[in-house]
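Right, one structure below, let's go through it.
Note on naming: letters A, B, ... go to the chains in the order of the sequence lines (proteins, then strands), and numbering restarts at 1 for each one.
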Amino acid sequence: MSWRAEAVAVWAFALRNLQMASRNVFLIFEILFWPVLGVLMIGLMTSFLRLTPESTAFLLIGQITMSTVHVCQLDVAYSVLYDVWSKSIKHGFLAPIGVHHLTLGSWLVGMLRGLVVFALAAALGRWTFGFHPLQPGVLALATFLAGCFLTAWVVSVSVCALIMLLGARAETAAWACVNFILVLAGIYYPIDVLPGPVAAVAMAIPLTYFLDAYRAHFGFPSSFTAPVATGFALSAAYAALSHWALWAAVRHARRSGLLLKMSE
Amino acid sequence: MLAIDARDVVKTFRSGVFRRRATAALSGVSLAVPRGAIFGVLGPNGAGKTTLLSILATLLIPDGGQVTVLGHDVRREATLIRRRLNMASGNASFLWNQRPAEILAFYGRLYGLSGRALRRRVDDLLELCELTAYRRVAYNALSTGFKQRLALAKSLVNDPELLFLDEPTLGLDPDVAARLRGRIADLRRERGMTIVLTTHYMREAEQLCDEIAFIKGGRVLARGTAGELKRQIRIGEVIAFRLDPPAAPWLGEAAGVLRCVTHDGRIECTVDEAEKRLPELLRRLHDEGAVVRDVQVREPELEEVFVELAR
């Protein structure tokens, strides 16, 4: 495939997710209702507990991260789920495309929607609870967001692999997996508070390092020597691994007949 | 030159986690489809038709056998094959709130089409399948006939050399089905496309297909042109009478008569050898005092061959 054809195939999935998102009222809820509600709940709790501005920022970063990662990863999972729900999955895999076209295209839209969620939630946090998302500077924020989106990508590609392996019954993974990862990555707490073996698992999650690096700018010293580099290295390794898993799952679905079964 | 060369294709589906069950879908199917032909795959439900088509279209990986499609091996060179083929099925489905033009554009992009070329292809296909007026209607709001036409349009988006049609006229009104059959014949005539189709409608197979393979229980039981199949199966010939009075109950038990049915006021007797039996039957009808208003001798319908093979 030429580079142009590669880009066009990626754009096909991006455009389709955009079209679907623009026509689904529940997707508006995803980027408006839950993120806003989350920031309000956590923010009001910090007011009630009379937390310092640093601690408030710590918790709000966790909440905003949760919403951002959640929305971004859903878009990638949707790219497979739409086809599963509409029983049209075989048509996509009949075309000469790779799994990366599907995951990249939908990830682009996921990042766009994630950015909207972050901007909305951060603006609300700034306005109501004095949280300054740009306090660490544009580069630190961009790095943090890149880390969030990479984590979302890795999780969602793994979810897609699960769906291709187990069929529609794995669709709850699209909502459950990311929350599990977020809890482990320490969204509302440093990972030191986790029990030993769980903390060890948390250290294998890229988001742990990106949260750590971003929060360091809000007065919480970093627990790692090179968190950003570690986060990116882990993300790259997991991205490769999750794509291999998805490729293998699609191949398995072609062998077992699940690809056809999901289209009937 | 062959578009498809499949030899001893085997496919078994396994299900269950603890109690593994194995269902043999194909047990050594061999097929050769020449380029530019319309090839029919017939068989009862569960015969393995869709499994075979899916393997040939690279949607399924066979367990055994050799399959070459457009000169490439389906296991090793699937991506090369996918660029040059496409598929439409009678119960096709697409994203519920996407519109026909968007659906065609989406799949067109997956085949590398973009810009003006993509727009032109989408417009042409909408026109070809008489969908232009419905280009902005959500998929869910389309009738079955329009959904089927959209499936056919989608299958032409990459201008394939090889087209698989899995029961393309399933559930369509007769006039719509006839138009769709016309389109399929045009595709071969105008574009030299090789078409492999499955159908339950024998007249459709007889009308469209140059060659037919009959599959049952995962095996090819017979193959050839419709005429060859009729001769191969040797289910005899049909003598159709129009009588006055219109019934002769003894006909079914007469020597050489395999079965008799009354259809549209005509008595159709399938006989082992029409040349020998016709004079005998006419003589006896005369003796019984029946007046023969009309008599015709014809080959059996493909449907009768199907019934015989499916038995």
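- Ring geometry for A/Tyr78 versus A/Tyr82: interplanar angle under 30°, hence parallel rather than tilted (30 to 60°).
- Of the listed residues (A/Leu260, A/Leu15, A/Leu259), the one with the most heavy-atom contacts under 4.5 Å to chain B is A/Leu260.
- In this structure, the portions of A/Arg251 lying under 4.5 Å from any heavy atom of chain B include both its backbone and its side chain.
- With a threshold of 4.5 angstrom between heavy atoms, B/Arg14 does not approach chain A through any atom at all.
- Using a 4.5 Å cut-off between heavy atoms, B/Asn86 contacts chain A through both its backbone and its side chain.
- Looking only at distances, a side-chain donor or acceptor of B/Arg219 sits under 3.5 Å from a matching main-chain atom of B/Ser27.
- Salt bridge present: B/Arg35 and B/Glu161 bring a charged side-chain N and a carboxylate O closer than 4.0 Å.
- Here the side chain of B/Lys154 pairs no donor or acceptor atom with the backbone of B/Pro100 at under 3.5 angstrom.
- Here B/Arg116 does not pair with B/Asp123 in a salt bridge; the nearest charged N to carboxylate O distance is not below 4.0 Å.
- Chain A forms the most heavy-atom pairs under 4.5 Å with one residue out of B/Leu110, B/Leu95, B/Ile55, and that residue is B/Leu95.
- One N or O on the side chain of B/Arg183 and one on the backbone of B/Leu128 form a donor-acceptor pair closer than 3.5 Å.
- Heavy-atom proximity under 4.5 angstrom to chain B picks out A/Ala95, A/Pro96, A/Ile97 from residues 95-103 of chain A.
- For the pair B/Lys147 (side chain) and B/Ala92 (backbone), a donor-acceptor distance under 3.5 Å is absent.
- Of the listed residues (B/Thr12, B/Val157, B/Leu59, B/Asn140), the one with the most heavy-atom contacts under 4.5 Å to chain A is B/Leu59.
- Your options are A/Ala7, A/Ser2, A/Ser86, and the one with the most heavy-atom pairs under 4.5 Å with chain B is A/Ser86.
- Of the residues considered (A/Arg16, A/Met20, A/Arg4, A/Arg255), A/Arg16 shows the highest number of contacts with chain B, using heavy-atom pairs under 4.5 Å.
- The existence of a salt bridge linking B/Glu102 and B/Arg135 is excluded, since no basic side-chain nitrogen approaches an acidic carboxylate oxygen closer than 4.0 Å.
- In this structure, A/Ala202 and A/Leu194 approach most closely via the heavy-atom pair CB-CD1, 3.9 Å.
- Looking at B/Phe106, both its backbone and its side chain come within 4.5 Å of chain A, counting heavy atoms on both sides.
- The main-chain N or O of B/Asp73 is found under 3.5 Å from a side-chain atom of B/Glu77 such that the two form a donor-acceptor pair.
- Proximity to chain A is limited to the side chain of B/Leu85, based on heavy atoms less than 4.5 angstrom apart.
- Taking CG of A/Leu74 as the start and CG of A/Asn17 as the end, the distance is 10.5 Å to the nearest 0.5 Å.
- Most heavy-atom pairs under 4.5 Å with chain B: of the set A/Ala9, A/Ala5, A/Ala12, this distinction falls to A/Ala12.
- With a 4.5 Å cut-off on non-hydrogen atoms, B/Asn97 touches chain A through its backbone and its side chain both.
- Ring pair A/Phe210/A/Phe149: centre-to-centre distance not below 6.0 Å.
- The part of B/Phe13 that comes within reach of chain A is its side chain, from C-beta onward, which places non-hydrogen atoms under 4.5 angstrom from that chain.
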